[in-house]
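First the structure, in the form of structure tokens, and then the observations on it.
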Amino acid sequence: MTIIMLGAPGTGKGTVAGILSEKLQIPQVSTGDIFRKHIKEKTELGIIADQYISKGQLVPDDLTIDIVKERLKENDVQKGIILDGFPRTVKQAESLDNILAEENKKVDMVINLITPEEEIIERIVNRRVCSNQECKAVYNIVLNPPKKEGVCDKCGHELVQRKDDNVETVKSRLKSYFEITSPLVEYYEKKGNLYSTTVSKSINKLGKDVAIEIVEKIKKEKN
Ligand code: ADP
Ligand code: ZN
């Protein structure tokens with residue numbers, strides 16, 4: 001099963017994908033995480049990607065598509081994958097369709113998360129992530145704080161703020177989203193596998209609620 005997480009930055013793609021991954025036993029693959037790992041390790045790819053990510057711009061398609069293409073060949077994702085943050089352009093979406101078609105696979109479900117813009121900015125600025133690559137738990141210091149400040153509840157590692165989680169970068173990330181990524185909503189809507197849902201504190205619905213809703217939906221469809 002191939003599931004895609006779509007939505008502006010800070011809508012909770014990572015949170016929802018993480019819970020779905022656990023419940024459905026399907027690996028979560030985040031292109032943002034892959035880039036951050038390369039940046040940390042100062043690989044050639046990391047050095048290039050950092051130039052875009054630090055400005056809140058998208059990494060070029062060719063680079064991004066190559067990475068995902070390689071990742072899709074690995075053993076652990078043969079039965080299913082939750083793609084978190086990919087595709088982000090129509091070109092990426094078309095390439096993904098082609099890559100999957102070669103293996104007689106397709107995109108089964110696209111989860112589109114919608115959050116009011118002012119809430120997005122607030123969330124991104126308050127976001128803290130676990131520094132443990134194996135854990136990657138996400139917290140919000142206002143809405144969903146850890147029990148002990150600066151420490152991950154799940155694994156005890158230090159919580160950090162992503163370098164690109166600041167007001168200036170967020171604005172350009174939102175701009176990229178609305179100009180370049182949001183046409184994918186229509187792209188998948190036409191294919192008939194889009195599931196849009198709102199994540200917002202104003203309706204008391206957070207990432208974990210949405211994840212439960214989706215697991216229920218998938219279970220129902222299987223029966
Ligand atoms: P968020 O959804 O909060 O922006 P991500 O971790 O998904 O966070 O992405 C962080 C950054 O990595 C993006 O702002 C972008 O620069 C880059 N990136 C991630 N995925 C892609 C992609 N599919 N195409 C191009 N750039 C990407
Ligand atoms: Zn942790």
Side-chain angles (χ1 to χ4, degrees), residues 2-18 20 28-36 38-39 48-65 67-68 81-97 107 109-129 136 138 140 143 161-191 193-203 205-207 210-211 214:
T2 302
I3 300 178
I4 288 173
M5 301 303 308
L6 201 61
T11 48
K13 298 188 295 290
T15 303
V16 175
L20 287 180
Q28 165 191 12
V29 171
S30 152
T31 39
D33 283 343
I34 296 174
F35 289 137
R36 281 186 286 279
H38 279 272
I39 292 172
I48 299 171
D50 193 28
Q51 294 168 2
Y52 296 91
I53 295 177
S54 61
K55 290 186 208 132
Q57 294 167 1
L58 294 181
V59 177
D61 280 338
D62 293 351
L63 268 181
T64 309
I65 292 165
I67 285 168
V68 173
I81 187 166
I82 301 173
L83 280 168
D84 164 12
F86 182 93
R88 262 179 153 101
T89 68
V90 171
K91 186 167 173 212
Q92 291 179 13
E94 288 168 351
S95 301
L96 178 63
D97 285 342
V107 172
M109 187 179 192
V110 180
I111 300 164
N112 178 35
L113 303 181
I114 302 161
T115 301
E117 203 172 318
E118 58 287 0
E119 216 177 298
I120 286 180
I121 295 176
E122 188 189 326
R123 269 156 77 158
I124 290 191
V125 173
N126 292 329
R127 172 156 73 182
R128 298 293 181 275
V129 292
K136 297 186 216 158
V138 184
N140 179 302
L143 290 177
Q161 182 167 31
R162 268 169 48 181
K163 213 176 88 189
D164 60 343
D165 277 354
N166 58 71
V167 180
E168 297 74 48
T169 315
V170 170
K171 292 205 170 130
S172 91
R173 278 155 69 197
L174 279 170
K175 191 163 175 274
S176 307
Y177 172 77
F178 287 111
E179 287 176 2
I180 306 168
T181 306
S182 68
L184 290 181
V185 173
E186 205 190 322
Y187 181 91
Y188 288 116
E189 199 159 40
K190 278 188 188 146
K191 291 183 188 277
N193 50 11
L194 186 79
Y195 180 72
S196 290
T197 185
T198 300
V199 185
S200 169
K201 63 176 182 190
S202 68
I203 55 165
K205 207 162 128 199
L206 298 181
V210 168
I214 292 161

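This one's a predicted model, so the numbers in the text were calculated from it and none came from an experiment.
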Side chain to side chain donor-acceptor pair (under 3.5 Å) partners of Thr198, counting only residues at least two apart
none

Would a 4.5 Å heavy-atom cut-off, applied to side chains only, mark [X] and [Y] as touching?
X: Ile67; Y: Phe35; result: yes
X: Leu174; Y: Pro9; result: yes
X: Asp97; Y: Lys191; result: yes
X: Met109; Y: Leu20; result: no
X: Ile4; Y: Tyr188; result: yes
X: Tyr187; Y: Leu194; result: no

Around atom OH of Tyr52, are there more than 12 heavy atoms from other residues, nucleotides or ligands closer than 6.0 Å?
no

Considering residues, nucleotides and ligands other than Gln161, do more than 12 of their heavy atoms fall under 6.0 Å from its CD?
yes

The salt bridge (charged side-chain N to carboxylate O under 4.0 Å, His left out) partners of Glu94 (sequence neighbours excluded) come to none

Identify whether the distance between the nearest side-chain nitrogen and carboxylate oxygen of Lys91 and Asp62 falls below 4.0 Å.
yes

Quick one: pull up [atom1] in [X] and [atom2] in [Y] and give me the separation to the nearest 0.5 Å.
X: Ile121; Y: Thr115; atom1: CD1; atom2: OG1; answer: 12.0 Å
X: Thr11; Y: Met5; atom1: OG1; atom2: CE; answer: 7.5 Å
X: Thr89; Y: Ile180; atom1: OG1; atom2: CD1; answer: 8.0 Å

From CA spacing to verdict: side chain to side chain contact (heavy atoms under 4.5 Å, CB included), Lys205, Thr197
CA-CA 10 Å; Lys205 207 162 128 199; Thr197 185; 2.9 Å; yes

From the options Arg36, Arg123, Arg173, select the one residue that forms a salt bridge (charged side-chain N to carboxylate O under 4.0 Å, His left out) with Asp165.
Arg173

